[in-house]
A.B. asks: 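Below is one structure. I have some questions about it.
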Amino acid sequence: MQSSEVRGTEQQPKATHALLVSALLAVNLAIVGPRTLYAANSTEYGASYWSVFWLLASAALGLTVVFAALQWLVPGRGRSRALAFVFSLAVLAWLQGNWLVGNFGLLDGNELDFSVEASARVRDALLWISGIVAAQVFHRALRARVATIAGIFLALQLVALPLDWNAADEGSAAVPALVADDEIFEFSTGTNIVLLIIDTVTSDTFAQFADRDPESYDAVFSGFEFFSDTTGAFPSTQYSLPVMLGAPAYDNRMPIDDYMTASLQRDAITGSLMEAGFKVDWVSAWPLFCLKGRYSNCFAIPRPYESPDLYRLQMAAQLFDLSLFRHAPYGIKQAIYRDGGWLAQSALWREGEAPVFVSSAAAFFDEFSARIRIGRDAPTFKILHAGGGHGPFVLDADCNKVPSRPYSRANYEEQMRCSMKQTQALLDRLRALGVYGRSLIVVAGDHGASFGARAFGSHGLTAARLSRSRPLLAIKWPGGEGGLHRSSAPASLEDIAPTIAAVAGIDADLPGRDLAQLTRGEKRRRSYGLYVLRKGKPGGYLERVERYAVGPESRRPGSWMFHEVVFSPEVSLDAREITAGEPGADGYFSYLGWAGPLRDVDGSTFVPANGPVATVFAELPIGVPVELDVRLRVRPWALPQRLEIAVDGIAVEELRVEHANFTWHTIEIPGRLVRERVTAIGFRAANTQTAEARGAVSAFDLARIRWRPLLP
């Protein structure tokens, strides 16, 4: 009996084995995973990884103890199976977080889209179930080796952590400060220029508010000119703000990081103003701009705006949540996400919701309006970034924090009223200080907001995209008087910098126009960009950037014209034959003018044009003539179609398509026309018609396209 007990004890795993395997899982989730996420997104954080390392290490230690204790609570020989179970979780989590990472959208205030990765549900379930079962089947074999494997793997993970301790202190060159310098609140006794950026506010929303309460808006925005037909630069802050400060729009022809450095260091008007003696104070929504920009003082509003210690605690919780999300199988991710509440973050806060930019910015601007003062002689340029209508919607009209509400126009407008209330407080404070009248004040949105998804125009644009292209722009020049004036002149966010330069007396070569010289009815072409970020940033570029030329009256579909698309050098479109609607074909079509793919009665796939203009992208041999074959048809109810075929905007041939069945058509493209790596092949219908009963918006379909070089 005694020898039997000894043999049973020898078959049980040692306590050190349980600790090593538990540490392998815990360190991956709480230390290495957060480090990987931080390294890829360091410009979004106001503290260094090492400043929150001990919080994450404490979480890792706690998880290690919990996992080890659970193993030792299993009686007798069951501990061997428990050890194998935890080891399988560690291996599966590592595989999930490093090789099976999904793309559920950006953390930009909108909800994550779990439908885009729905196919991963079955894959992840099969992987995790089979991995756990295999570990149980071979638990005896694992018991003898698992400690060695776990120890080596754990050591490799920890050694791989870069020891950049020099970036640990807030306020260093690598990390912005978490407390605003007093100079942020100082205005000049002389010249003051204020650029107030209200995030995600549309010109239509501002006009609607002003129409409902004209007397109040005339008083609050006295002397302002509101440009109701303003186009933005991009549908996001990161790419819009450099344009607002005078940089050329990003065109995907250089890596994003290089562009941000060049645009905010060399091209932005902030440098010219500083050289002219201005103090430049920047209150930023994101640490990125403090790290990249030129300024005298910069403050990135921390979340929450309460204390540095609370910020670091929230940052650690967010990194831990994101690491859990990254390493968990599909079926568990939503339980970690908690509809935007997040598992660890919601546990930290009494309301059960983590602090976000818009609530933190509202808290800061309450303090800012109360603390601003006249305190310097040097002329001053203030860049102030308020939360506005940025999601999630957590503020009511009086700026009281409320539980996060759904993304809807009503909730957006409610939060925007809070932003307008804070804008009034700021402008009233400038009046009280006696600097309002002689200051240049620009109130602008960085981009608009997305609502609805109706088809817009002939380019595959939607009402949501159109709305994001129409931000607020209102300007009060020094000495401006009267109520709120309105202008329908075709303005753009790129006009802000030259307008500032004109008032400051700076001779600078900047894109855009001085808005004081812009007149109503001008036949002006403005530029607007859209981009795709579905697959991250391949090679440091966006997957693709689409550029549009926008004429006057930007609400009209006819004012929009596709100009060009620039793909990342890492994106390959070199196939010689593409079947529309098949996996991998979307990059060639990019749905620019095409509806989603459909299946024909014979099972073949095709894409219908959703307007008179649709575009296919392909890598044609540069400088070599190409013979292009396209398989087209018109709808059974449609008239015969005349399709103009254009290469990078240059017409090459006109086709007549009159069959309801798909037929091949051949076009020859001269080699002199192909000058870019990716060529835009456009199809423009001369006589597009609408069949209201069918809900169609165009009349031709494309099934296949192929090309071959015409060698001499």
Side-chain angles (χ1 to χ4, degrees), residues 184-199 201 203 206-207 209-210 216-228 230 241 244-246 269-270 273 278-284 361 365 368-376 378-388 419-446 471-487 489 491-506 512 514-518:
I184 287 287
F185 304 94
E186 290 184 351
F187 280 72
S188 173
T189 56
T191 300
N192 289 289
I193 299 175
V194 180
L195 171 56
L196 175 60
I197 302 169
I198 303 177
D199 209 301
V201 57
S203 58
F206 182 82
F209 288 173
S216 175
Y217 272 69
D218 279 344
V220 172
F221 293 93
S222 59
F224 271 84
E225 186 166 8
F226 165 46
F227 291 87
S228 59
T230 297
L241 197 142
M244 298 170 76
L245 294 179
I269 194 174
T270 51
L273 288 169
F278 276 74
K279 288 278 191 178
V280 174
D281 301 321
W282 196 332
V283 174
S284 172
F365 276 97
F368 182 81
S369 294
R371 287 183 59 182
I372 57 177
R373 62 188 181 276
I374 307 300
R376 60 168 66 136
T380 294
F381 177 39
K382 297 278 187 188
I383 307 171
L384 309 173
H385 195 147
S419 192
M420 290 295 105
K421 180 179 180 180
Q422 289 200 311
T423 301
Q424 176 180 351
L426 173 61
L427 297 179
D428 286 347
R429 179 64 175 157
L430 295 179
R431 289 185 178 94
L433 291 171
V435 300
Y436 179 90
R438 62 176 184 269
S439 298
L440 172 68
I441 304 174
V442 181
V443 179
D446 50 354
L472 166 66
L473 179 58
I475 295 182
K476 189 201 74 64
W477 280 273
E481 297 178 343
L484 175 64
H485 308 282
R486 303 198 187 204
S487 171
S492 168
L493 290 187
E494 71 175 2
D495 300 333
I496 292 174
T499 302
I500 290 172
V503 171
I506 294 173
D514 176 4
L515 287 165
Q517 308 301 320
L518 195 64

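Throughout, residue positions are numbered sequentially from 1 according to the sequence presented.
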A.B. asks: By side chain to side chain donor-acceptor pair (under 3.5 Å), which residues pair with E225, not counting sequence neighbours?
C.D. replies: none
A.B. asks: Could you walk me through whether F278 and T380 pass the side chain to side chain contact (heavy atoms under 4.5 Å, CB included) test, one step at a time?
C.D. replies: CA-CA 5 Å; F278 276 74; T380 294; 5.6 Å; no
A.B. asks: State, to 0.1 Å, how close L430 and I441 come at their nearest heavy-atom pair, and which atoms those are.
C.D. replies: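 Closest pair (atom of L430, atom of I441, distance): CD1-CD1, 4.1 Å.
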A.B. asks: Measuring only between side-chain heavy atoms, which start at C-beta, is V220 closer than 4.5 Å to T423?
C.D. replies: no
A.B. asks: Whether the side chain of K279 engages the backbone of S188 through a donor-acceptor N/O pair (distance < 3.5 Å, no angle test) should be reported.
C.D. replies: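 No.
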A.B. asks: If you measure from CD1 on I197 to CD1 on I496, what distance do you get to the nearest 0.5 Å?
C.D. replies: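 Output value for this atom pair is 7.0 Å.
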A.B. asks: Does S492 offer a backbone N or O that forms a donor-acceptor pair with the side chain of D495 under 3.5 Å?
C.D. replies: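 Confirmed, D495 side chain pairs with S492 backbone.
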A.B. asks: List the atom of S228, the atom of S203, and the distance in Å for their closest heavy-atom pair.
C.D. replies: O-OG, 3.6 Å
A.B. asks: Quick one: CZ on R431 to OG on S222, what's the gap to the nearest 0.5 Å?
C.D. replies: 4.0 Å
A.B. asks: Would you say that T191 contacts V503 through its side chain, given a criterion of any heavy-atom pair below 4.5 Å between the two side chains?
C.D. replies: no
A.B. asks: May I ask you to decide if L484's main-chain N or O and D218's side chain share a donor-acceptor pair within less than 3.5 Å?
C.D. replies: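 Yes: the side chain of D218 pairs with the backbone of L484.
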A.B. asks: Kindly write out the residues that satisfy side chain to side chain donor-acceptor pair (under 3.5 Å) with Q422, not counting sequence neighbours, or none if the list is empty.
C.D. replies: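 Side chain to side chain donor-acceptor pair (under 3.5 Å) check on Q422 returns D366.
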A.B. asks: Side chain to side chain contact (heavy atoms under 4.5 Å, CB included), that's the test. Do V283 and L384 meet it? Break it down for me.
C.D. replies: CA-CA 5 Å; V283 174; L384 309 173; 3.7 Å; yes
A.B. asks: Nearest 0.5 angstrom please: R486 CZ to F227 CZ, how far?
C.D. replies: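 R486 CZ to F227 CZ: 13.5 Å, rounded to 0.5 Å.
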A.B. asks: Show the numbers, then the answer: is there a side chain to side chain contact (heavy atoms under 4.5 Å, CB included) between L473 and V442?
C.D. replies: CA-CA 7 Å; L473 179 58; V442 181; 3.9 Å; yes
A.B. asks: Could you tell me whether a side-chain N or O of K382 sits under 3.5 Å from a main-chain N or O of L196, the two making a donor and an acceptor?
C.D. replies: no
A.B. asks: Please report the interatomic distance CD1(I500) to CG(L440), rounded to the nearest 0.5 Å.
C.D. replies: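 Rounded to the nearest 0.5 Å, the CD1-CG separation comes out at 6.0 Å.
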A.B. asks: Identify the two heavy atoms, one from I184 and one from W282, that lie closest to each other, and give their separation to 0.1 Å.
C.D. replies: CD1-O, 4.0 Å
A.B. asks: Can you give me the closest heavy-atom contact between A386 and A361, atom names plus distance?
C.D. replies: C-CB, 4.5 Å
A.B. asks: What distance do E481 atom CD and K476 atom NZ have between them, rounded to the nearest 0.5 Å?
C.D. replies: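 That separation rounds to 9.5 Å.
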A.B. asks: Test side chain to side chain contact (heavy atoms under 4.5 Å, CB included) on I198 and M420; report intermediate values, then the result.
C.D. replies: CA-CA 9 Å; I198 303 177; M420 290 295 105; 3.6 Å; yes
A.B. asks: Return the CG to NE2 distance between D446 and H385, rounded to the nearest 0.5 Å.
C.D. replies: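 Here the interatomic distance stands at 4.5 Å.
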A.B. asks: Please name the pair of heavy atoms, one in S369 and one in A425, separated by the smallest distance, quoted to 0.1 Å.
C.D. replies: OG-C, 4.1 Å
A.B. asks: Could you check whether F206 and F226 have their ring centres less than 6.0 Å apart?
C.D. replies: yes
A.B. asks: Indicate yes or no: at least one non-hydrogen side-chain atom of L427 is less than 4.5 angstrom from one of F224.
C.D. replies: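 Yes, their side chains come closer than 4.5 Å.
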A.B. asks: Not counting sequence neighbours, which residues clear ring pair (Phe, Tyr, Trp, His ring centres under 6.0 Å) with F185? List them please.
C.D. replies: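 Listed in chain order: F368.
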A.B. asks: Could you tell me which non-hydrogen atom of L518 sits nearest to which non-hydrogen atom of A491, and how far apart they are?
C.D. replies: CD2-CA, 3.8 Å
